[in-house]
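Quick notes on the structure that follows.
Naming: A, B, ... by sequence-line order, numbering from 1 per chain. None of the values given here were measured: they were computed from a predicted structure.
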2 protein chains.
Amino acid sequence: MAKATKKPTRREPGRSKAGKAGKRGGSASRAGTEVPDGPGGYDGDDRPSVVLAVDVVLFAVRDDELVVLLVERGREPHAGRWALPGAVVEPEETMRSATRRAVTGRTGIVEPFTRLEQLAVFDAPERDPRTRVVSATFLAVCARAVPPPGGALASGRWWPVGVVGTDDGPDLAFDHAGILTAAVGELRGRLERTDLATALVEVPFTLGDLRRAYEAAWDADLEPANFRRKVLSTPGFVEPTGANRAVGTGRPAELYDRGGDAVLRPPMLRPG
Amino acid sequence: MAKATKKPTRREPGRSKAGKAGKRGGSASRAGTEVPDGPGGYDGDDRPSVVLAVDVVLFAVRDDELVVLLVERGREPHAGRWALPGAVVEPEETMRSATRRAVTGRTGIVEPFTRLEQLAVFDAPERDPRTRVVSATFLAVCARAVPPPGGALASGRWWPVGVVGTDDGPDLAFDHAGILTAAVGELRGRLERTDLATALVEVPFTLGDLRRAYEAAWDADLEPANFRRKVLSTPGFVEPTGANRAVGTGRPAELYDRGGDAVLRPPMLRPG
DNA sequence: TGAATAGTGTCTTTCAGACAATATGGA
DNA sequence: TCCATATTGTCTGAAAGACACTATTCA
């Protein structure tokens with residue numbers, strides 16, 4: 001907070017003119033060392049540069065297993081293989097809108113996810129054999145793997161994450177195996193340090209429900225007593241409802257709602 | 001690993017035909033509930049959908065202060081304001097290539113950063129008043145704030161992060177204030193759990209150098225003894241060289257190189 | 001009553017925070 | 001010698017891991 005000068009007003013003489021020269025001269029006019037300005041260096045040419053798509057990695061827990069929603073491809077390339085739900089981002093819409101369309105259009109699920117977070121952008125030039133497609137990927141989580149993506153629109157299916165890459169698992173299209181691997185890693189990491197897990201369970205939930213969601217996603221066992229201590233000592237993680245729920249045998253468990261937007265500091269460490 | 005069925009081969013009868021109908025009929029043919037397939041749902045129309053740009057948030061430490069590289073805009077909109085270095089992603093290049101061009105083209109720095117990581121995508125429709133520009137942002141780090149982005153191409157400047165948003169700081173163009181805020185938060189978080197800090201110092205470095213980088217980025221004081229213990233107990237964080245360096249007064253310090261790709265588990269917690 | 005699950009208490013271990021003590025150079 | 005920085009050692013407190021114990025329900 002010391003050596004900042006007061007609002008410089010230098011205007012790089014002679015450069016704004018050079019920047020305009022050659023505009024709308026085609027793709028070559030934008031490349032090279034001349035860096036255009038604007039958000040992301042946009043220089044006023046309104047011709048789009050690439051196809052931007054979104055791919056959604058939608059996770060859920062079903063039967064104490066982490067599952068991911070995939071759709072079977074009906075067309076080449078990679079016909080018969082399984083892909084992440086995706087959609088092209090139209091010029092007028094947001095990426096978020098495109099993600100909703102990608103999932104709902106395939107499965108008919110009205111409320112497709114309880115949480116949606118950015119993951120990473122995949123831009124390898126040859127990832128689609130037809131043309132350049134850059135994919136912004138999203139990590140999504142929903143509390144119910146049912147209703148399964150069935151009905152008339154059914155081309156989607158929940159796959160256990162554990163079988164992907166094995167003989168019992170789906171063949172993934174394009175670079176989606178890499179995207180899924182990255183997504184699983186990010187999911188596991190964000191469970192360590194955020195309250196993302198509350199989006200994996202239906203409200204109201206018990207601490208046992210929440211713990212089993214962690215165990216499914218991490219493929220590890222957690223000590224119920226220590227888990228409880230960590231969750232309840234984190235402000236804003238869960239909100240007690242005061243009610244109880246008895247399910248089958250055993251002592252009825254206290255019920256909780258999702259808290260605010262909690263950050264776990266220090267994080268809940270994954271065993272191993 | 002249990003209930004996976006063996007390689008289903010269902011082919012969604014009747015849908016591949018519907019999917020082809022109306023193709024190349026313009027933007028409307030891609031929107032709606034019909035979800036195209038391919039990476040990101042690309043449907044074979046080779047017309048780009050948006051302008052994709054990259055913006056680079058390049059950090060360094062100078063005089064024990066965290067600084068960020070900004071460039072002054074010479075043209076409307078936002079002429080005279082400061083912006084992150086950015087560039088449009090051309091159809092044939094990767095985002096990484098575009099980031100290098102964005103920084104080098106403005107400053108002439110040959111090796112502009114020692115590390116480049118994805119940050120987030122900003123896609124608010126009105127973020128650029130001229131047209132739809134979607135920006136993939138990158139968190140970059142370099143070990144030397146010098147050579148300053150000077151010389152004939154100078155339109156860039158290192159600004160202390162602490163003065164941004166104050167009367168002594170720059171006016172930021174577009175939504176770059178929000179991007180910078182997100183970048184600072186991510187930088188601070190990644191310093192907690194990765195070895196990113198080693199990219200902020202020149203090799204070889206002392207543990208004092210590394211600690212001062214943390215202190216600048218976190219705007220906090222760290223206990224040298226505890227810092228040393230944490231760094232040296234993390235496999236792959238730093239690599240001893242065996243050499244020493246005497247600088248000014250005080251006992252000469254041991255010199256280290258950057259280690260592999262370390263993960264801090266549990267993380268080094270930021271004070272406060 | 002016994003099985004099953006929820007919740008409490010407590011001992012131990014690990015690790016970070018604080019800080020004293022020692023090491024080693026330059027002024 | 002004095003000062004500044006690096007490095008080592010040690011004490012303490014917070015929090016996680018392990019696990020025994022109690023609580024409450026249903027079969």
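- Taking only side-chain atoms of A:R251, from C-beta outward, the nucleotide of D:dA23, D:dA16, D:dT25 with the closest atom is D:dA23.
- The nucleotide whose nearest atom lies closest to any side-chain atom of B:P252 is, among D:dC19, C:dG7, C:dT24, C:dT24.
- Using a 4.0 Å heavy-atom cutoff across all strands shown, B:R245 reaches no nucleic acid atom at all.
- Per the geometry, CG belonging to A:N244 stands 16 Å off P belonging to D:dA23, to the nearest Å.
- Put simply, the side chain of A:N226 and the base of D:dA15 share no donor and acceptor less than 3.5 Å apart.
- Nearest to the side-chain atoms of B:A225 among the listed nucleotides C:dG9, C:dC19, D:dA6 stands C:dC19.
- The aromatic rings of B:Y214 and B:W218 stand perpendicular to each other, their planes meeting at an angle above 60°, with 30° marking the opposite boundary.
- Screening A:E223, A:E254, A:R211 for a side-chain contact (heavy atoms from CB on, under 4.5 Å) with A:R228, the sole residue that qualifies is A:E254.
- Checked by atom type and distance alone, the side chain of B:T241 pairs as donor or acceptor with a backbone atom of B:L255 at under 3.5 Å.
- As a whole-Å value, the separation of A:R193 CZ from D:dA16 C1' is 19 Å.
- You'll find that the side chain of A:E254 is closest to C:dG7, out of D:dA6, C:dA6, C:dG7.
- With rounding to whole Å, A:R265 atom CZ is found 17 Å from D:dA16 atom C1'.
- For D:dA16, its base sits under 3.5 Å from the side chain of A:R229 at one donor and acceptor pair at least.
- With distances taken from any side-chain atom of A:E223 to the nucleotides D:dA4, D:dC19, D:dT7, the minimum falls on D:dC19.
- In this entry the distance linking CG of A:L222 with P of C:dT5 reads 16 Å, nearest Å.
- Rounding to whole angstrom units, CG of residue A:L255 and P of D:dT25 are separated by 14 Å.
- Across the protein-nucleic acid pair, A:Y256 atom OH and C:dA6 atom C1' stand 10 Å apart, rounded to whole Å.
- As judged by a 4.0 angstrom heavy-atom cut-off over every strand, B:A246 is placed among residues making no nucleic acid contact.
- Minimum atom distance to the side chain of A:R228 is reached by C:dG7, of the listed D:dA18, D:dT25, C:dG7.
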